[in-house]
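Reviewing the structure listed below.
The chains referred to below are lettered A, B, ... by the order of the sequence lines, with proteins before strands, and numbering in each begins at 1. Predicted model, so just to flag it, every value in this text is computed and none were measured.
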Protein chains: 2
Amino acid sequence: MSPTELAAPSFFTEYLPHVSVDCVVFGFDAKGLQVLLLKMKHCDDWALPGGFVRQQEGVESAATRVLQERTGLEQVFLQQFRVFSEPRRSAANKWTSENEDLQAWLNQRFITIGFYALVPFEKVAPQPDSISDACSWWNLADVGKLMLDHNAILHSALEALRLQMRYQPIGYNLLPEKFTMPELQKLYETVLGQTLDRRNFQRRMLDFGLLEKLPERKTGVAHKAPFYYRFNKTQYDKALEEGLAGGW
Amino acid sequence: MSPTELAAPSFFTEYLPHVSVDCVVFGFDAKGLQVLLLKMKHCDDWALPGGFVRQQEGVESAATRVLQERTGLEQVFLQQFRVFSEPRRSAANKWTSENEDLQAWLNQRFITIGFYALVPFEKVAPQPDSISDACSWWNLADVGKLMLDHNAILHSALEALRLQMRYQPIGYNLLPEKFTMPELQKLYETVLGQTLDRRNFQRRMLDFGLLEKLPERKTGVAHKAPFYYRFNKTQYDKALEEGLAGGW
DNA sequence: CGCCTATGCGTTGAATTTACACAATGTAAA
DNA sequence: TTTACATTGTGTAAATTCAACGCATAGGCG
C-alpha cells in the first residue's frame with residue numbers, strides 16, 4: 001500500500017463506528033402527510049434518510065447535515081425521539097459494494113438515533129445520497145415495507161409527534177407562511193388521525209394566542225374565501241418552550 | 001505478546017466503542033425524591049451510574065444490567081429519554097489508571113444514552129462499581145456539581161419524568177406495595193414541584209381507576225389514620241399503554 | 001340571479017375543574 | 001378523663017372548560 005492509500009479517507013476514520021442517525025421527515029400538502037424516503041441501490045427496499053456521526057460532531061449536527069443534504073433546507077425542526085439498538089436490527093445487513101471500505105462500514109452493527117423533522121413540503125428539493133438512486137415523498141398511507149426496522153422507526157416517530165402535539169404547537173414548519181384555518185385544521189386532523197369540529201378548533205387555536213389574522217383572504221377559491229393567518233413566531237417559540245395548556 | 005495476552009478480555013472487544021448509557025435512578029422516601037449517585041475514584045466528583053453496551057446487546061439491556069449491578073433489582077421501570085452527544089462533553093475526560101486498556105477506553109469520546117429509572121427506595125442495596133468507591137442516595141435538592149455533563153442529564157431526566165406524569169401514572173415503582181393517599185400525593189407534589197389540593201387529588205386518582213382501597217388503616221400514626229391503597233397492576237399497565245386523560 | 005357549499009361568528013347545555021365546608025378519627029396535652 | 005388539635009374522609013357549589021350545534025354570509029357556478 002502506498003502512503004496516499006493509507007491516508008485515503010475512510011468511513012472508519014471519519015465517523016464514529018456503530019452509530020447512525022435516521023430521520024423521519026414529515027411534510028404536509030393537500031394530499032396529506034408525506035414522508036421522505038430513499039430508494040436504495042441494488043435492492044427493492046425504500047429507507048429513511050440516514051447518515052453517520054463525524055468524529056467531532058454531535059448527533060443533532062449529524063441529523064441536521066443529513067437533512068440539509070436530502071432536502072436542501074438549512075433550518076428545520078428536528079427532534080430526537082428514540083434510540084433503536086437491538087443487535088438483530090443490523091443482522092439483515094448484507095451490503096455488497098466495489099468499495100471495500102464502504103462495504104465493511106455498512107455491514108457493522110449499528111445503533112441508530114431516531115429523529116423526526118417537520119419541513120415545508122413545497123420548499124424541499126429531494127436529493128438521493130450515494131447509496132440510493134432516488135429520493136422522494138411518499139404519502140404516509142402508501143408507505144410499504146421499508147429496509148431493516150425502518151417501518152418501526154417511522155411508526156414510533158408518528159407516535160412521538162402525536163404526543164408532542166398534546167403540549168406543543170405544530171404547524172410553523174409544516175405550513176407555508178400564510179395559511180387558512182381550514183388548512184391548519186387539516187394538518188391537525190391528518191396527524192392526529194381524527195376529525196375535529198371546525199368551530200371549536202378555530203376557537204381553540206385562536207385562544208392559544210399564536211396566530212395573527214391577516215386582512216387578506218385566499219383568492220381563486222370556490223365558495224366563501226377564508227382569511228389568511230400566520231404564526232406569531234415570538235409567541236410560537238414561547239409555547240414551544242413552555243408548553244400549551246390542554247390537548248386533544 | 002503471547003496468545004493468552006492477545007486473547008485477554010479488553011473493553012474494546014467486549015463493548016461498542018464511543019457508546020455509553022447513563023441512568024438517573026429516582027427513589028422516593030419520606031424525605032422526598034432521591035437520586036442514586038456514585039463517588040468516582042481519584043476525584044471529588046459524584047456521577048450518575050453508567051455503563052457500556054456489549055457487542056451483542058441493546059441499549060435497554062445495557063441499562064438494565066447497570067441498574068441490576070448498582071441496585072440489585074431485576075425488574076425496574078426504565079425509560080430512555082435523550083441522547084447526549086456534544087463532542088466537548090467528553091473533552092474533560094482525563095482518566096488515569098494502571099490498567100492501560102481501561103484508561104484508553106475511558107478517554108474515548110462518548111455519546112451517552114440517558115435513561116431514567118423509578119425504583120422502590122427501600123429495596124435498593126447500592127453497590128459502587130469498579131471505578132467508584134461509593135454508591136448512595138442523594139436528596140435531589142442536595143445534589144451538587146456532578147461529573148461532566150451529568151447535572152444536565154439529571155435535569156433533563158426530571159423534565160422528562162414530569163412530562164411523562166401528564167399522561168401516564170407513576171408510583172407503582174416508587175412506592176411500597178401498600179401506601180396511603182397522602183403518601184401518593186406527596187410523591188406527585190415532590191416530582192411536580194407544586195402543591196395540590198388534597199381532596200381534588202384524591203378524587204382524581206380514584207377516578208383513574210388504578211387504585212384499590214384496602215380495609216386496613218395505617219397504624220402507629222399521629223392523628224386520624226389513613227387507609228391503605230394499592231395499585232391494580234392490570235389497570236396500571238393498561239394506563240401505561242393507553243395513557244391517562246388529563247394532566248396537571 | 002338563485003343555488004350550493006364553505007366560512008365566520010355565536011349559543012347552549014354538559015362535563016370537568018376548582019375552591020371550600022364540615023364531620024370523623026386518633027394522638028397528645030390539660 | 002377531658003379537651004385541644006392536626007389530619008383524614010366525604011360532600012357541595014361555583015367557576016371554568018369542553019362539546020355539540022345554529023345561523024347568517026360570502027363567493028363561485030349553472
- prompt: Taking for each residue the nucleotide of DNA chain D bearing the nearest heavy atom, is the 5' side occupied by H223(A) or by P182(B)?
  reply: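 Upstream on the strand: P182(B).
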
First encountered from the 5' end of DNA chain D, between D197(A) and A225(A):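 Checking each residue's closest nucleotide, the 5'-ward one belongs to D197(A).
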
- request: Select base, sugar-phosphate, or nothing to describe what K218(B) touches, counting heavy atoms under 4.0 Å on all strands.
  value: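 If one applies the 4.0 Å heavy-atom cut-off, K218(B) turns out to touch nothing in the nucleic acid.
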
field: Donor + acceptor pair across side chains of Q80(B), E60(B) (<3.5 Å)
entry: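 Yes, side-chain donor-acceptor contact under 3.5 Å.
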
message: Salt bridge check, D237(A) against K233(A): does any charged N sit closer than 4.0 Å to a carboxylate O?
response: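 A salt bridge links K233(A) with D237(A).
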
Side chain R199(B) and base dA21(C) donor-acceptor under 3.5 Å: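 Yes, the side chain and the base share a sub-3.5 Å donor-acceptor pair.
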
field: Base dT25(C) to side chain K224(B), donor-acceptor N/O within 3.5 Å cut-off
entry: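 Checked by distance alone, the answer is no.
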
Taking atom [atom2] of [N] as reference, at what distance in whole Å does atom [atom1] of [X] sit?
| X | N | atom1 | atom2 | value |
| --- | --- | --- | --- | --- |
| R203(B) | dA21(C) | CZ | C1' | 13 Å |
| M205(B) | dT17(C) | CE | C1' | 17 Å |
| L196(B) | dC20(C) | CG | C1' | 16 Å |
| D207(A) | dT16(D) | CG | P | 14 Å |
| L244(A) | dT17(D) | CG | C1' | 16 Å |
| F201(B) | dT8(D) | CZ | P | 12 Å |
| Y228(B) | dT8(D) | OH | C1' | 14 Å |

Nearest of [options] to any side-chain atom of [X]?
| X | options | answer |
| --- | --- | --- |
| Q202(B) | dG10(C), dT10(D), dT5(C) | dT10(D) |
| N200(A) | dA6(D), dA19(D), dT18(C) | dA19(D) |
| R198(B) | dG9(D), dC4(C), dA21(C) | dG9(D) |

task: Would you confirm whether N139(B), through its side chain, and D142(B), through its main-chain N or O, come within 3.5 Å as a donor-acceptor pair?
output: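 Not at all, since once roles are kept as given, no pair shorter than 3.5 Å links the two residues.
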
query: Quick check: does any side chain N or O of Y172(A) sit under 3.5 Å from a backbone N or O of F231(A), one acting as donor and the other as acceptor?
result: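 Judged by distance alone, no pair lies under 3.5 Å.
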
query: Between K213(A) and dC9(C), is there a side-chain N or O to OP1/OP2 distance below 4.0 Å?
result: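 Yes.
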
- prompt: Which class fits the ring pair F77(B) and Y116(B): parallel under 30°, tilted 30 to 60°, perpendicular over 60°?
  reply: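 Because their plane-to-plane angle lies in the 30° to 60° range, the rings of F77(B) and Y116(B) count as tilted.
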
